[in-house]
*Asks:* 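Here's a structure for you.
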Amino acid sequence: MPNQFNPITAAGYHQIQAEIHALEVDRPKKIASLAEARAHGDLSENAEYSAAKRDLRHLESRLRFLNKQLQYAKVVTPQANDTVELGKWVTLDFLDDHETATYQLVGAAEADLDAGKTTRVSPLGKAIFGHHPGETVTVQAPAARYAVKITAVSLTPPQK
């Protein structure tokens, strides 16, 4: 079976690398806390030991997850054209209420709607992917269908 790679922006890749680095820096402290708690005696009634063990286990699990993310990541560089693709900023006009919003289309690991980043596998991302400014597309969301008009596509975030 061939490997399936997950497309990701360069910024998203570096963000994951930074989180891995921070966790690796924190790991020796967690190990020391566990050793100190273990030295306090009876492990069956040692809440400090249980908490330190849980914290270290959580850190190790997060590291494994992030390393897998990088292992299967493929950094995508967007082309200098007006096609909606991964890494580009897209300004949309929601035709039902004429609200305007701008999103960056990113890989699944980077999605963060609060930061204006939507994934290419979301209903909105699927609908706009590969389209151009001036086109109107229909988004099939779980609860409803709605139309959006693509008003701008760029490599950089729009000026506010």
Side-chain angles (χ1 to χ4, degrees), residues 1-92 100-131 133 139 141-142 148 150-160:
M1 179 170 107
N3 286 338
Q4 296 294 320
F5 288 96
N6 296 319
I8 190 170
T9 64
Y13 191 89
H14 295 303
Q15 184 178 1
I16 292 172
Q17 284 180 318
E19 186 176 351
I20 287 172
H21 177 72
L23 290 170
E24 287 173 342
V25 166
D26 197 32
R27 180 193 271 155
K29 292 179 227 162
K30 300 275 187 203
I31 292 170
S33 293
L34 180 63
E36 182 181 328
R38 177 179 275 150
H40 290 148
D42 185 9
L43 299 182
S44 64
E45 295 182 21
N46 188 335
E48 187 179 338
Y49 173 76
S50 295
K53 188 174 168 184
R54 182 189 64 241
D55 289 348
L56 181 60
R57 194 170 41 238
H58 180 271
L59 180 142
E60 296 290 347
S61 175
R62 183 71 180 157
L63 273 173
R64 279 190 304 279
F65 173 77
L66 292 171
N67 280 310
K68 284 286 185 193
Q69 294 265 313
L70 289 187
Q71 181 181 352
Y72 291 102
K74 179 181 180 190
V75 176
V76 175
T77 304
Q79 302 299 309
N81 58 32
D82 68 351
T83 303
V84 176
E85 59 187 11
L86 198 73
K88 291 191 179 172
W89 293 86
V90 184
T91 303
L92 304 169
T100 300
T102 300
Y103 297 101
Q104 184 183 26
L105 200 59
V106 296
E110 305 168 81
D112 181 356
L113 281 180
D114 292 336
K117 296 180 178 191
T118 188
T119 176
R120 67 182 186 95
V121 295
S122 69
L124 179 61
K126 284 180 190 176
I128 64 175
F129 192 83
H131 289 277
V139 179
V148 296
I150 301 167
T151 59
V153 177
S154 68
L155 290 170
T156 58
Q159 300 298 321
K160 292 186 179 193

*Asks:* Please list all pairs passing the side chain to side chain donor-acceptor pair (under 3.5 Å) test where one or both residues lie in residues 23-34, with sequence neighbours left out.
*Replies:*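 For residues 23-34: Arg27-Glu60.
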
*Asks:* For Arg62, enumerate each residue passing the salt bridge (Lys or Arg N to Asp or Glu O under 4.0 Å) test, keeping only those at least two apart in sequence or located in another chain.
*Replies:*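 Residues passing salt bridge (Lys or Arg N to Asp or Glu O under 4.0 Å) with Arg62: Glu19.
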
*Asks:* Testing the basics here: between Ala127 and Val139, what is the closest heavy-atom pair and its distance to 0.1 Å?
*Replies:*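 Answer, listing the atom of Ala127 first, then Val139: CB-CG2, 3.7 Å.
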
*Asks:* Between atom OG of Ser50 and atom CG of Leu34, what is the distance when rounded to the nearest 0.5 Å?
*Replies:*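 Reported to 0.5 Å precision, the distance equals 10.0 Å.
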
*Asks:* Over all heavy atoms of both residues, which pair between Leu113 and Tyr103 is shortest? Give the atoms and the distance, please.
*Replies:*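 What the structure gives for the nearest pair is CD2-CE2, 4.0 Å.
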
*Asks:* Any salt bridge (Lys or Arg N to Asp or Glu O under 4.0 Å) involving residues 74-89? Give me the pairs, sequence neighbours left out, ordered by first then second residue.
*Replies:*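 Checked against salt bridge (Lys or Arg N to Asp or Glu O under 4.0 Å) - neighbours excluded - the pairs reaching residues 74-89 are Glu85-Lys88.
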
*Asks:* Any idea which heavy atoms bring Leu66 and Leu23 closest together, and the distance?
*Replies:*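 Heavy atoms of Leu66 and Leu23 come nearest at CD1-CD1, 3.8 Å.
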
*Asks:* Can you find a pair of side-chain heavy atoms, one from Ile150 and one from Leu92, that are under 4.5 Å apart?
*Replies:*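 With C-beta onward as the side chain, the pair touches.
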
*Asks:* Find the distance between CG (Asp55) and CD1 (Ile31) and round it off to the nearest 0.5 Å.
*Replies:*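 Those atoms lie 12.5 Å apart.
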
*Asks:* Would you check if Thr83 and Val153 make a side-chain contact, meaning some heavy-atom pair closer than 4.5 Å?
*Replies:*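 Thr83 vs Val153: side chains apart.
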
*Asks:* Kindly say whether Thr91 contributes a backbone atom to a donor-acceptor pair with the side chain of Thr151 at under 3.5 angstrom?
*Replies:*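 Pair found, side chain donor or acceptor close to backbone of Thr91.
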
*Asks:* Closest approach of Leu105 and Gly125, non-hydrogen atoms and distance?
*Replies:*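 Minimum heavy-atom contact is CD1-CA, 3.8 Å.
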
*Asks:* Listed by chain and number, what are the side-chain contact (heavy atoms from CB on, under 4.5 Å) partners of Lys68, not counting sequence neighbours?
*Replies:*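 So Lys68 forms a side-chain contact (heavy atoms from CB on, under 4.5 Å) with Gln71, Tyr72.
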
*Asks:* Just to verify, what does His14 make a side chain to side chain donor-acceptor pair (under 3.5 Å) with, not counting sequence neighbours?
*Replies:*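 Testing His14 for side chain to side chain donor-acceptor pair (under 3.5 Å), a comparison that skips the adjacent residues, returns Gln17.
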
*Asks:* Verify side chain to side chain contact (heavy atoms under 4.5 Å, CB included) between Val75 and Ile8, making sure each step is shown before the conclusion.
*Replies:* CA-CA 5 Å; Val75 176; Ile8 190 170; 4.2 Å; yes

*Asks:* Please tell me if the side chains of Val90 and Thr102 come closer than 4.5 Å, counting only heavy atoms from C-beta onward.
*Replies:*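 The answer is no; the side chains never approach within 4.5 Å.
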
*Asks:* Would you name the heavy atoms of Gln69 and Ala109 that are closest together and state the gap between them?
*Replies:*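 Gln69 and Ala109 have their closest heavy atoms at OE1-CB, 2.8 Å.
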
*Asks:* Which heavy-atom pair separates Ala73 from Phe5 by the least distance, and what is that distance?
*Replies:*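 It is O-CD2, 4.0 Å.
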
*Asks:* Compare all side-chain heavy atoms of Ile16 with those of Ile20 and state whether any distance is below 4.5 angstrom.
*Replies:*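 Result yes, sub-4.5 Å side-chain heavy-atom pair found.
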
*Asks:* Using 0.5 Å steps for rounding, measure from the CH2 atom of Trp89 to the OG1 atom of Thr156.
*Replies:*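 These two atoms lie 9.0 Å from each other.
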
*Asks:* Test: side chain to side chain donor-acceptor pair (under 3.5 Å). Region: residues 116-125. Which pairs qualify, not counting sequence neighbours?
*Replies:*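 Passing the test, one end in residues 116-125: Thr118-Ser122.
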
*Asks:* Please round to the nearest 0.5 Å and tell me the distance separating atom CG of Leu63 and atom CG of Asn67.
*Replies:*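 Result: 6.0 Å between the selected atoms.
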
